[in-house]
Amino acid sequence: MKIVELDSYTVNPGDLSREGLEELGDTVVYERSNSEQVVERAKDADLILTNKVAITDYMMSQLPKLKYIGVLATGFNVVDIVAAKKRGIIVTNIPSYSTDSVAQMVFAHILNITNQVAHYADKNRNGRWSHNPDFCYWDTPLMELANKTIGIVGLGHIGVKVAKIARDFGMDVFVFTSKNTMDLPTGIQKTSLSGLFAVSDILTLHCPLTSDTKEIINKVSLKKMKKGAILINTGRGPLVNEQDVADALKSGQLGAYGADVMVSEPPAADNPLLKQQHAYLTPHIAWASKEARMRLIEICVDNIKAFLEGHPIHVVNP
């Protein structure tokens with residue numbers, strides 16, 4: 001059994017053990033691969049593992065031994081799953097491994113924006129506090145989260161975790177979700193999308209990227225939001241129109257944008273958000289805590305074991 005991992009570096013740059021995976025077969029690991037290298041590198045593979053390298057119908061047609069593709073992420077849009085099913089190739093993903101880490105990043109952004117921790121730490125490194133005439137100072141607005149309203153678009157595992165944390169902060173929680181009102185956890189109120197825009201002091205995106213949700217945040221929806229509201233995106237970059245968000249930040253309609261995802265990653269140097277003072281961008285690292293990556297690898301190994309035993313789990317093209 002030959003296993004080829006096409007782009008190992010972001011999942012495991014060397015700080016995690018590969019022992020569990022290597023016990024399953026003859027394993028060849030590439031830190032990075034481009035699309036032109038896939039067929040040559042995987043020509044003898046029974047199993048392929050990929051994080052962000054796309055696996056197309058054409059590639060699969062050139063890989064006659066291929067029986068299994070393991071996507072090392074929750075999203076599986078990098079694989080043509082229709083073509084894989086047609087060819088009898090099982091495709092699996094890694095669900096729910098990063099829920100706690102992503103929810104933590106949501107509040108890392110919220111707390112940085114509302115308390116400006118990085119701003120004051122930077123000022124104080126340059127002597128601002130040491131030369132202050134009073135025992136304290138502040139030169140930005142400071143916001144208390146208690147009794148503010150957070151709106152959550154999508155209520156999967158991460159959305160539920162974010163809602164729980166928000167409740168612990170004393171926030172009012174409203175959601176836009178397909179779930180029935182009676183099935184919602186205590187303290188969460190369901191509303192329409194327009195209603196969510198209208199009531200939210202902070203709006204956070206946790207819905208999948210579909211044709212219906214692409215650019216759900218745009219110049220029209222931004223105008224429906226409270227002036228000065230905070231927008232958080234740890235979901236998918238294309239959930240927002242980045243130019244419209246940049247314009248809303250510049251005009252003051254949007255108070256701040258905290259994002260861990262971009263439409264293109266890495267973003268182009270001229271991306272309009274990079275120059276906006278109130279855009280706080282992290283490089284798609286919400287999922288990347290050591291603990292979350294360890295869970296990812298453990299689930300990956302379990303997925304392969306289940307496949308080899310004849311009862312595959314976490315299959316996305318049944």
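Numbering starts at 1 and runs along the sequence shown.
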Does a side chain donor of either Gln243 or Asp247 reach within less than 3.5 Å of an acceptor in the other side chain? yes
Look only at the side chain of Asn180 and the backbone of Met182, and say whether a donor-acceptor pair between them is shorter than 3.5 Å. no
Does atom CD of Gln253 have more than 12 heavy-atom neighbours from other groups under 6.0 Å away? yes
CD (Gln277) with more than 12 external heavy atoms under 6.0 Å: no
Any side-chain heavy-atom pair of Ser221 and Ile216 under 4.5 Å: no
Run the salt-bridge test on Arg87 and Asp57 with the 4.0 Å N-O cut-off and return the result as yes or no. yes
Contact check, side chains of Thr191 and Phe197, non-hydrogen atoms, under 4.5 Å: no
Main-chain N/O of Gly195 paired with Ser192 side-chain donor or acceptor, under 3.5 Å: yes
After noting the C-alpha distance and the side-chain angles of His109 and Asp260, does the key distance pass the side-chain hydrogen bond (donor to acceptor under 3.5 Å, both in side chains) rule? CA-CA 9 Å; His109 275 288; Asp260 189 56; 5.1 Å; no
His206 vs Thr234 side-chain heavy atoms within contact, under 4.5 Å: yes
List in chain and number order the residues that pass side chain to side chain donor-acceptor pair (under 3.5 Å) with Gln116, two or more places apart in sequence or in another chain; answer none if no residue qualifies. Tyr280
OH (Tyr9) with more than 12 external heavy atoms under 6.0 Å: no
To the closest 0.5 Å, what do you measure between CD1 (Ile217) and OG1 (Thr213)? 10.5 Å
Are the side chains of Thr10 and His284 in touch, meaning some heavy atoms are under 4.5 Å apart? no
Testing the basics here: between Asp244 and Lys219, what is the closest heavy-atom pair and its distance to 0.1 Å? OD2-N, 3.0 Å
Is there a chain of hydrophobic side chains (I, L, V, M, F, W, Y, each step under 4.5 Å between heavy atoms) that links Ile230 to Val102? yes
Are the side chain of Gln62 and the backbone N or O of Met59 linked by a donor-acceptor pair below 3.5 Å? no
Is any side-chain heavy atom of Leu16 less than 4.5 Å from a side-chain heavy atom of Lys290? yes
Which pair of non-hydrogen atoms, one from Pro95 and one from Asn93, has the smallest distance, and what is that distance? CD-O, 3.4 Å
Taking Asn126 for the side chain and Asp122 for the main chain, is one N or O donor matched with an acceptor at less than 3.5 Å? yes
Tell me whether the guanidinium CZ or amine NZ of Arg295 lies under 6.0 angstrom from the six-membered ring centre of Tyr97 and within 45° of its axis. no
side-chain contact (heavy atoms from CB on, under 4.5 Å) with Ile152: of Ile202, Thr204, Ile188, only one passes, and it is Thr204
Could you measure the distance from the CG atom of Leu47 to the CG atom of Leu21? Nearest 0.5 Å is fine. 9.5 Å
Just checking, is any N or O donor in the side chain of Ser33 or Arg41 under 3.5 Å from an acceptor N or O on the other one? yes
So with a 6.0 Å cut-off around NZ of Lys227, is the heavy-atom count from everything else above 12? yes
If you look only at pairs with a residue in residues 265-278, which of them pass as a salt bridge (Lys or Arg N to Asp or Glu O under 4.0 Å), with sequence neighbours excluded? none
Suppose we screen for side chain to side chain donor-acceptor pair (under 3.5 Å). Which residues come up paired with Lys52, at least two apart in sequence or across chains? none
Should Ile150 and Val162 count as side-chain neighbours, where that means a heavy-atom distance under 4.5 Å? yes
I need the minimum non-hydrogen distance between Asn115 and Leu142, along with the two atoms involved. O-CD2, 3.8 Å
Do Asn303 side-chain atoms and Ala306 backbone N/O form a donor-acceptor pair below 3.5 Å? no
For Asp302 and His314, does a side-chain donor sit closer than 3.5 Å to a side-chain acceptor? no
Within residues 177-204 or reaching into it, pairs that qualify as salt bridge (Lys or Arg N to Asp or Glu O under 4.0 Å) - sequence neighbours excluded: Asp201-Lys226
Side-chain touch Asn317/Val82, heavy atoms, less than 4.5 angstrom: no
Test side chain to side chain donor-acceptor pair (under 3.5 Å) applied to Thr140 - qualifying residues, sequence neighbours left out: Tyr120
Name all residues meeting the side chain to side chain donor-acceptor pair (under 3.5 Å) criterion together with Lys67; count only those two or more places apart in sequence or in a different chain, and write none if there are none. Asp46
Measure the shortest side-chain to side-chain distance between Val71 and Val91 over non-hydrogen atoms and say whether it is less than 4.5 angstrom. yes
Taking atom CZ as the centre, does Arg293 end up with more than 12 heavy-atom neighbours from other residues, nucleotides or ligands that are less than 6.0 angstrom away? yes
One pair to check against side-chain contact (heavy atoms from CB on, under 4.5 Å): Glu5 and Asn12. What are the steps and the verdict? CA-CA 11 Å; Glu5 186 172 358; Asn12 184 3; 5.8 Å; no
In terms of heavy-atom contacts, does NZ of Lys305 have more than 12 from other residues, nucleotides or ligands at under 6.0 Å? no
Just by distance, no angles: are the side chains of Thr56 and Asp80 close enough, under 3.5 Å, to form a donor-acceptor pair? no
Within a 6.0 Å radius of atom NE2 on His131, are there more than 12 heavy atoms belonging to other residues, nucleotides or ligands? no
